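One structure is given here, and the rest of the page talks about it.
Please read these numbers as outputs of a predicted model, since none were measured by experiment.
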Amino acid sequence: MQVLDVLGLRTYYFTEIGTIKAVNGASVGLSEGECLGIAGESGCGKSTLALSILRLIKPPGRIVDGKILFRETDLLRLSPEEMRKIRWRKISMVFQGALNALNPVYTIGRQIVEAITTHLNYNKEEAKKKAIELLESVGLDKSNFNSYPHELSGGMKQRALIAMALSCDPEVLIADEPTTAVDVVTQARILMLLKNLQRQRNLSLIVISHDLSILAQVCDRVVIMYAGKIVESADIESIFGNPLHPYTKALISAFPNAKGPKRPLSILPGEPPDLINPPKGCVFSPRCPQASALCSEREPELIEVSPGHHVACNFIKS
């Protein structure tokens, strides 16, 4: 059963120099108990998509079109007060950068207790008990309840953020670059923690990352974004075993395979386009090794080439 459906979402930033089409017609679904990965380079719209789901886009940004259905309720039609009841309780988010997401003048425990008492009918003692249980569930000692953010390591702060995001028992958890700025050992532990919490709580999980190797470890399905558009989506086996879009192939080739033979890493030349003046036709065509004259004229549609595998490329046919 689908728990979340994003349909034709368009989120733009209206600046003095022009309109940035950060998310430009994206559609994606999330099933109960599924882990969905969203990948792409920086600036391709991943975080804007996540913030749009929670309606946390700030001026000069604005959602201009589309639907965001949570169990068939369009979140874009809810009042601000109704939307506040969705955040934390139904859909929660682990924001990128634990250092900036935690308030430096409050203890970890106080911040979790505040989230619980604000959204649930708990008194302070009940909330404190639940907060300690949450900290222990993410591998932190109960003594960290009284710790300030600066007293914790990067990995510990990330775990505290996860505990806070789970404080109101949400159905959907969005983790935006959950392993940024931590070492590889801590990264592996955090990924294992997320996967275990997903199984224990039957969470529907969205993991956003530019690192495909992270998504390969935890996700059931992956969506590839480029310049605000979805260019490929499929189950994890198809994305890594049979990538079809040239951009997906380039992303995979840019990461080493620890189990495969040694090879030089491929480098994708150029950078994502200016979203105020994107190229005509296929937005990836200026960097695509397969591009032809057709690609600079015709924008490809996202089509289903096999069950559950969608690709937007002029050279791919259904």
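When the ring pair (Phe, Tyr, Trp, His ring centres under 6.0 Å) test is applied to His309, no partner is found at least two apart in sequence or on another chain.
Between Arg287 and Tyr226, the side chains place a donor N or O and an acceptor N or O closer than 3.5 Å (distance only, hydrogens not considered). Between the side chains of Thr248 and Glu232, at least one donor-acceptor pair of N or O atoms lies under 3.5 Å. Residues Thr11 and Thr48 bring no donor and acceptor atom of their side chains to less than 3.5 Å of each other. Counting only N and O atoms by type, the side chains of Asp141 and Ser143 include a donor and acceptor under 3.5 Å apart. Between the side chains of Ser47 and Asp176, at least one donor N or O lies within less than 3.5 Å of an accepting N or O.
Ile38 has its side chain out of reach of Val28: every pair of non-hydrogen atoms, C-beta onward, lies at least 4.5 Å apart. Between Leu205 and Leu197, the closest side-chain pair of non-hydrogen atoms is not below 4.5 Å. Using a 4.5 Å heavy-atom cutoff, the side chains of Asp220 and Leu36 are not in contact.
In the hydrophobic cluster analysis, where Ile, Leu, Val, Met, Phe, Trp and Tyr join through side-chain heavy atoms closer than 4.5 angstrom, Leu76 is grouped apart from Tyr12. Two different hydrophobic clusters hold Leu7 and Ile91 under the rule that ILVMFWY side chains link at heavy-atom gaps under 4.5 Å. Note on Leu75: it does not cluster hydrophobically with Leu69, by side-chain heavy-atom contacts below 4.5 Å among ILVMFWY residues. Residue Leu294 is not grouped with residue Ile316 when hydrophobic side chains (ILVMFWY) are merged at heavy-atom distances under 4.5 angstrom, including chains of intermediate members.
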Side chain to side chain contact (heavy atoms under 4.5 Å, CB included) between Lys229 and Glu299, worked out: CA-CA 11 Å; Lys229 298 176 180 290; Glu299 180 179 353; 2.7 Å; yes
Candidate pair Asp169 and Lys130, rule salt bridge (charged side-chain N to carboxylate O under 4.0 Å, His left out), full reasoning: CA-CA 11 Å; Asp169 302 311; Lys130 183 177 177 67; 3.2 Å; yes
Derivation and outcome, side chain to side chain contact (heavy atoms under 4.5 Å, CB included), residues Ile206 and Leu4: CA-CA 11 Å; Ile206 297 176; Leu4 188 68; 4.1 Å; yes
Ser31/Gln2 under side-chain hydrogen bond (donor to acceptor under 3.5 Å, both in side chains): CA gap, chis, key distance, verdict: CA-CA 4 Å; Ser31 301; Gln2 292 287 92; 2.7 Å; yes
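Because its NZ or CZ atom is both nearer than 6.0 Å to the ring centre of Phe14 and within 45° of the ring axis, Arg62 counts as a cation-pi partner of that residue.
Scanning all heavy atoms of the two residues, the minimum distance from Leu54 to Arg87 falls at O-NE, 2.8 Å.
A salt bridge links Glu81 with Arg84; the closest basic N to acidic carboxylate O contact falls under 4.0 Å.
The aromatic rings of Tyr148 and His150 sit parallel, their planes meeting at an angle under 30°, below the 60° perpendicular limit.
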